[in-house]
There are 2 protein chains.
Amino acid sequence: MEDGTSKALGYCTGTEDDQARQWDVRADCDVRQILDRVADKWSLLVIALLDRRKMRFTQLRRAVDGVSQRMLTVTLRHLERDGLVRRTVYPVVPPRVEYELTPLGISLHEVITSLVIWTEEHQQEISAARSDYDEKAASEEHELQPAVG
Amino acid sequence: MEDGTSKALGYCTGTEDDQARQWDVRADCDVRQILDRVADKWSLLVIALLDRRKMRFTQLRRAVDGVSQRMLTVTLRHLERDGLVRRTVYPVVPPRVEYELTPLGISLHEVITSLVIWTEEHQQEISAARSDYDEKAASEEHELQPAVG
DNA sequence: CAGTATCCCTTTTGATACTG
DNA sequence: CAGTATCAAAAGGGATACTG
C-alpha cells in the first residue's frame, strides 16, 4: 500500500484504434498516480489546510478532525513521497515536526482549486440530476410493485 | 453504495478558527461527491472515452478493458445519476444502449483535462521526488541494519 | 509530541452465474 | 446485448496499545 508506483493498472495497455480521445491512455497511467492522491479521502483536506502556512502534526490532526492518527500519518507520507509536502523535524525534546506545501504542492493546490470551483458552480445541476434520477428510479419500481403505500 | 449523498464525511463540521484556507470546509462536503466521482478508478476513463461520441456498453467494456462488467455498470449508473452521462435505450430485439456525455459531462471533462495536463507537466518532478524519498528511506534502514549488501 | 505496530471491521471490487 | 444477483477476495480505514 505504501508503493503507489507498482500497482497494476489494467487499462494501461494502449490500443490505437481509439483516435477520438485526446488523452493518451498511457498518460492515464501516470495520471492515475496523482489522481489517486488527489482523490484520497484526506489528501485534499491536508493540502487545503497547508495552504500558505506550516502546521504541526497534532495541529493538523485537530483541524482535519475526522481523521485517525494512522490515516493522517499515511496521508502525509504519501504527500511527502510525491514531493507535494515537506516534512521538517526539529530535534528538540518534545519532538516538533512541521509540514508545509512545496512549490509543487502549491501548484497542484491551484489546479485542484479549479476543480473545486467547477463543483461549486455546478452543484445545483448535479443535485437536480440526482433528484431526477432517484425519482425516476422510484417510479420504475412502482410499475413493478404498484400497491405499496 | 448506490447513494452518494448520504455517506458520512466526518470533517464536514466547520470550525471557523481556521481562516487561512480559502476553501470552505463545508464546500468540501459537496465537493467530495464530485471528487469521488472524478477520482473513481473508472469514471475518468469512461468520461475520456465518451468525449465527442456515443458508445455502446460492450464497446466501452472492451475499450476500458480492465473493467469488470459489474464495475462498468456501477460507474455508468453513477455518472448518469450525476447528470454527466446520458443513457439511451433503443427498444430493439438485441438490446441497444448508447452512452454519451451531457453538456455538464463535457464541461467536467474540460476541467479534468487541466488536471491531466498538470500531471503530465509535473510527472518528472513527482517521479524524482519518489525516487529521492525511497532512496532516503532505504539508507535510513541501512543505519539500523548496516550489513545488508 | 509524533509517531509505529497490530488487530479487526467495513467498503470496494472482481468473478461467476443467470436473465429479458 | 446489456445487464442483475450473489458471493468471495482485497483494500481501506478506525481503535487501541506501545515507543523514542
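Please read these numbers as outputs of a predicted model, since none were measured by experiment. Every chain is numbered from 1 and lettered A, B, ... according to where its sequence line falls, protein lines coming before strand lines.
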| request: List in chain and number order the residues that pass side-chain hydrogen bond (donor to acceptor under 3.5 Å, both in side chains) with Thr75(A), two or more places apart in sequence or in another chain; answer none if no residue qualifies. | output: none

| message | Distance check needed: dA11(D) P versus Met71(B) CE, whole Å only. | response | 15 Å

| Once you round it to whole Å, what is the distance between P of dA2(C) and CD of Gln59(A)? | 9 Å

| task | Please tell me which of the listed nucleotides, dG3(D), dT4(C), dG14(C), lies nearest to the side chain of Trp42(B)? | result | dG14(C)

| field | Partner set under side-chain hydrogen bond (donor to acceptor under 3.5 Å, both in side chains) for Arg56(B), not counting sequence neighbours | value | none

| message | Of the options dG13(D), dA2(C), dC1(D), whose atoms approach the side-chain atoms of Asp40(A) most closely? | response | dG13(D)

| request: Kindly work out whether a path of hydrophobic side-chain contacts (I/L/V/M/F/W/Y, heavy atoms less than 4.5 Å apart) joins Val46(B) to Leu104(B). | output: yes

| field | Nucleotide of dT13(C), dG3(D), dG3(C) approaching Arg77(A) most closely (side-chain heavy atoms) | value | dG3(C)

| request: Check whether any side-chain nitrogen or oxygen of Tyr99(B) sits under 4.0 Å from OP1 or OP2 of dG3(D), and answer yes or no. | output: yes

| remark: Per-nt protein contacts along nucleotides 15-20 of chain D (heavy atom under 4.0 Å; B base, S backbone sugar-phosphate only, - none) come out as B-B--B

| field | Tyr90(B): partners by side-chain hydrogen bond (donor to acceptor under 3.5 Å, both in side chains), with sequence neighbours left out | value | Glu98(B)

| remark: Assign each of Val67(A) and Phe57(B) the nucleotide of DNA chain D bearing its closest heavy atom; nearer the 5' end lies the nucleotide of Phe57(B)

| request: Would you please name every residue forming a salt bridge (charged side-chain N to carboxylate O under 4.0 Å, His left out) with Glu121(A), sequence neighbours left out? | output: none

| Residues forming a side-chain hydrogen bond (donor to acceptor under 3.5 Å, both in side chains) with Ser107(A), sequence neighbours excluded | Trp118(B)

| Residues two or more places apart in sequence or in another chain: which of them pass side-chain contact (heavy atoms from CB on, under 4.5 Å) with Ser114(A)? | Val111(B), Ser114(B)

| query | With sequence neighbours excluded, what pairs up with Arg61(A) under the side-chain contact (heavy atoms from CB on, under 4.5 Å) test? | reply | Phe57(A), Gln69(A), Leu72(A)

| dA2(D) OP1/OP2 closer than 4.0 Å to side-chain N/O of Arg56(B) | yes

| field | Paired stretches of DNA chain C - 3 or more consecutive Watson-Crick or G-U pairs, each distance under 3.5 Å | value | C:1-20 with D:1-20

